[in-house]
Amino acid sequence: MSKTAVAIKNNSHNKVEDSHQFHYLMWFRRDLRVHDNTALAAICERANEDNAQLSAVFFLTPEQWQAHDMSLTQLDHIARTLPILAEKLHQLNIILTVQVCPSFTDCIVTLSALCESNNISCVMANHEYEGNEVARDELLTKQLANNEIEFIRWHDQCILPPKSITTNDDSMYQVFTPFYKKWRHTLEVSDIQIHTALAIIDNKQVNLTLSEHSANTTQDIEALCKKTVHDYQEYLQTHESYQNIDTDKQISQARLAYPAGEAEACHRLEHFIADDIDNYDVSRDVPSLQATSQLSTYLTIGAISPRLCYLQATQALGKLRRNDGDNFDSGDNNDINRWISELAWRDFYRHVLDYKPELIRHQAYKYETDKKINWSYDEDAFAAWREGKTGVPLVDAAMRCLNATGFMHNRLRMVTAMFLTKDLLIDWRWGERYFMQQLIDGDFASNNGGWQWSASTGTDSAPYFRIMNPFSQAKSHDTEGIFIKTWLPELKPIPTSILHREDKMRKALSKNGTFADIDYPVPIVEHKLARQLVIAEFKKE
DNA sequence: TGTTAATTCGG
DNA sequence: CGAATTAAC
């Protein structure tokens with residue numbers, strides 16, 4: 001392999017006396033798994049070929065998390081995953097070192113120092129596509145190259161990497177549907193492989209030089225992670241966005257709902273495809289059914305491979321086709337295809353981010369909307385939305401669910417986002433930020449894409465006049481009011497014939513109304529009027 | 001992966 | 001008052 005040749009050359013340049021034993025480093029970031037981890041499989045293969053040692057490292061970066069509004073539930077999920085990853089790597093004879101490096105600058109310094117003191121000649125990692133991450137990796141590439149250390153990155157986060165799906169004139173698709181067609185076609189004619197990491201045969205398991213803020217046994221990693229989560233929780237409790245949140249409860253809910261580890265994630269995937277995907281096309285829109293795969297939590301931190309998701313889905317599709325003989329129609333299973341298209345949305349928004357890095361600097365994709373739209377910055381209205389006190393049952397139930405559990409159903413993300421941006425006319429960036437602060441599956445590309453879709457400022461976003469009415473959304477997707485009444489038990493006495501009607505709710509909750517005794521606010525905006533205002537705002541000039 | 005307004009019909 | 005239909009935002 002040509003890369004090996006480079007390593008030998010580089011290394012012999014450095015220290016001839018050590019050249020009999022190379023030392024390589026796998027740097028884990030948002031890819032906390034062993035199975036089908038592109039960079040890990042590659043570096044294991046090369047380490048075995050070169051008879052090299054292989055170490056692994058992960059950095060805990062609290063300052064970076066603060067800057068990126070990482071949620072407590074997601075950090076806790078990462079913290080629960082790391083000891084499991086360490087165990088998995090141990091089975092491959094690889095030691096994982098977890099080290100605190102508050103900022104990305106610290107990561108660069110520490111990684112360079114680690115390479116130097118451990119005589120590491122090659123570092124591998126999987127690509128990250130967000131601005132700061134890209135900048136960090138580019139700086140590091142230069143710095144390591146100065147010391148003749150290789151830094152090789154692999155595309156791993158997407159099923160098909162950014163820039164690989166383009167229009168005929170080689171540009172990025174602006175609309176999802178044609179992107180999706182090309183994406184499906186490309187996948188059908190290409191051979192997607194799962195990368196298996198092989199154990200390092202002759203690894204001496206030399207420990208990396210440790211600082212006092214690092215750990216490399218499962219027990220020590222667990223303790224370090226626990227302390228890090230605790231410190232982050234302390235920091236967040238001083239934060240305005242968390243004033244209304246019981247963080248202890250949120251964490252324990254998230255732990256119950258999302259046990260950590262790649263085995264758990266793979267088990268969920270298999271179970272979902274085998275038993276739960278039937279009727280997905282319809283039931284995925286009903287929040288009370290929990291009919292979605294909920295794999296986003298694992299995909300975001302890389303506890304499961306998106307390619308594995310795609311392959312298992314297409315295998316199920318293939319089985320259906322075979323069992324069905326010559327009936328072509330039912331081979332086109334709507335449920336499985338719909339779920340695959342959700343995987344494609346995930347790729348799409350990552351490709352969009354790679355194409356427009358300015359998104360990371362809070363710019364609207366359609367930047368004319370930044371000039372034109374007079375977004376509101378009404379703190380009180382925003383607080384009502386955040387805390388689930390808008391008087392709009394579906395919106396409030398969804399927000400209280402998010403605050404309590406760190407998760408919100410996808411349709412409800414659209415409903416609450418539309419309500420914030422179209423009914424309250426509040427800047428979508430406020431909502432985007434709050435979602436990142438609370439969601440266990442918070443992910444910059446998907447979250448930004450979703451918010452700009454709702455705000456009608458993004459690629460292929462909802463047209464400005466397509467505005468959801470949260471009462472009719474409740475009627476069609478929470479017909480019996482089950483979800484609403486789960487999170488707003490005070491509304492249990494109200495029949496759905498009133499619950500799903502704004503005018504009737506206003507009347508029933510007002511002074512002399514039928515349900516005047518219920519402690520629940522009257523809607524803070526009148527949807528019909530708000531709709532007219534926001535349409536006028538988009539139409540102006 | 002939308003909703004409203006205008007209109008008509010029926011209870 | 002609600003259901004059904006359809007153009008327009």
Side-chain angles (χ1 to χ4, degrees), chain A residues 173-181 183 279-287 289 291-293 296 334-349 352 365-366 369 372-373 392-395 398 408-425 428 431 435 446-479 483 495-508 514 523 525-541:
Chain A
Y173 281 101
Q174 306 289 310
V175 179
F176 175 72
T177 308
F179 170 90
Y180 178 56
K181 281 184 182 154
W183 184 88
N279 220 29
Y280 172 79
D281 194 28
V282 179
S283 53
R284 74 198 192 97
D285 272 330
V286 182
L289 291 180
T292 62
S293 72
S296 55
N334 282 340
D335 299 317
I336 300 176
N337 280 318
R338 172 66 77 169
W339 193 66
I340 293 174
S341 87
E342 295 302 320
L343 294 171
W345 273 107
R346 184 176 169 280
D347 270 20
F348 180 64
Y349 282 139
V352 168
Y365 189 93
K366 295 179 184 165
T369 61
K372 185 164 84 173
I373 309 297
V392 178
L394 190 60
V395 171
M408 192 196 289
H409 187 278
N410 182 55
R411 173 153 293 273
L412 300 180
R413 296 187 198 193
M414 295 192 270
V415 171
T416 52
M418 277 249 175
F419 184 79
L420 187 76
T421 56
K422 302 296 171 63
D423 287 61
L424 300 179
L425 239 161
W428 56 271
F435 269 27
S446 300
N447 190 51
N448 183 274
W451 275 94
Q452 297 220 44
W453 181 89
S454 297
S456 306
T457 64
T459 29
D460 197 17
S461 52
Y464 70 90
F465 53 80
R466 190 172 294 164
I467 296 163
M468 288 172 175
N469 178 325
F471 288 90
S472 23
Q473 285 288 314
K475 193 179 179 186
S476 48
H477 303 300
D478 189 30
T479 310
F483 182 85
T496 52
S497 57
I498 294 173
L499 189 66
H500 296 328
R501 286 279 298 267
E502 184 183 334
D503 52 350
K504 293 187 179 177
M505 278 294 274
R506 280 183 187 282
K507 216 183 235 175
T514 329
V525 283
E526 197 180 331
H527 177 73
K528 200 165 66 172
L529 286 178
R531 180 179 180 274
Q532 286 168 3
L533 285 174
V534 71
I535 285 177
E537 187 67 18
F538 272 88
K539 271 180 78 172
K540 79 186 184 190
E541 275 149 288

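Below, chain A is the first sequence line, B the second, and so on; all start at residue 1.
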Inset, instruction - Considering just the side-chain nitrogens and oxygens of Gln532(A), establish if one lies under 4.0 Å of OP1 or OP2 belonging to dT4(B). - result: no

Inset, instruction - For His409(A) and dT1(B), give me the distance from atom NE2 to atom C1', rounded to whole Å. - result: 13 Å

Legend entry - Minimum-distance nucleotide to Gln473(A) side chain [options: dT1(B), dG2(B), dA5(B)]: dG2(B)

Inset, instruction - Would you indicate whether Lys475(A), at its atom NZ, is surrounded by more than 12 heavy atoms from other residues, nucleotides or ligands within a distance under 6.0 Å? - result: no

Legend entry - Separation of dT1(B) C1' from Met418(A) CE (nearest whole Å): 9 Å

Inset, instruction - Taking the side chain as every heavy atom from C-beta outward, state whether Ser456(A) and Lys422(A) have any atom pair closer than 4.5 Å. - result: yes

Legend entry - Minimum-distance nucleotide to Asn469(A) side chain [options: dT1(B), dT4(B), dC9(C)]: dT4(B)

Inset, instruction - Name every residue in residues 501-508 of chain A that has at least one heavy atom under 4.0 Å from any atom of DNA chain C, in order of residue number, or write none if there are no such residues. - result: Arg501(A), Lys504(A)

Legend entry - Ionic contact status for Glu502(A) with Arg506(A), cut-off 4.0 Å: yes

Inset, instruction - Name the closest nucleotide to the Arg338(A) side chain, picking from dT1(B), dG2(B), dT3(B). - result: dT1(B)

Legend entry - Euclidean distance, atom CZ of residue Phe465(A) to atom P of dT4(B) [Å, nearest integer]: 14 Å

Legend entry - Separation of atom CZ in Phe348(A) from atom C1' in dT1(B), rounded to whole Å: 14 Å

Inset, instruction - When you get a sec, tell me which of dT1(B), dC9(C), dA5(B) is the closest nucleotide to the side chain of Trp345(A)? - result: dT1(B)

Inset, instruction - Starting from C1' on dT3(B), measure out to NE2 on His527(A) and report it in whole angstrom. - result: 7 Å

Legend entry - For the student: nearest non-hydrogen atoms of Asp423(A) and Ala530(A), plus distance: O-CB, 3.4 Å

Inset, instruction - Using atom NZ of Lys422(A) as one end and atom C1' of dT3(B) as the other, report the distance to the nearest whole Å. - result: 12 Å

Inset, instruction - Starting from C1' on dT3(B), measure out to CG on Leu529(A) and report it in whole angstrom. - result: 15 Å

Inset, instruction - Answer whether the closest heavy-atom distance between the side chains of Lys366(A) and Lys372(A) falls below 4.5 Å. - result: no

Inset, instruction - Select one nucleotide: of dT4(B), dG2(B), dT1(B), the one nearest the side-chain heavy atoms of Asp285(A). - result: dT1(B)

Inset, instruction - Return the 5'-most residue of the pair Lys475(A), Tyr464(A) with respect to DNA chain C, ranking by each residue's nearest nucleotide. - result: Lys475(A)

Inset, instruction - Return yes if some donor-acceptor pair links the side-chain N/O of Lys507(A) with the main-chain N/O of Thr514(A) below 3.5 Å, else return no. - result: no

Inset, instruction - Assign Arg411(A) to base, sugar-phosphate, or nothing according to its heavy-atom contacts below 4.0 angstrom with the strands shown. - result: sugar-phosphate

Legend entry - Tyr365(A) side chain to Gln174(A) side chain, donor-acceptor N/O pair below 3.5 angstrom: yes

Legend entry - Length of the line joining Arg466(A):CZ and dA8(C):C1', which is rounded to integer Å: 13 Å

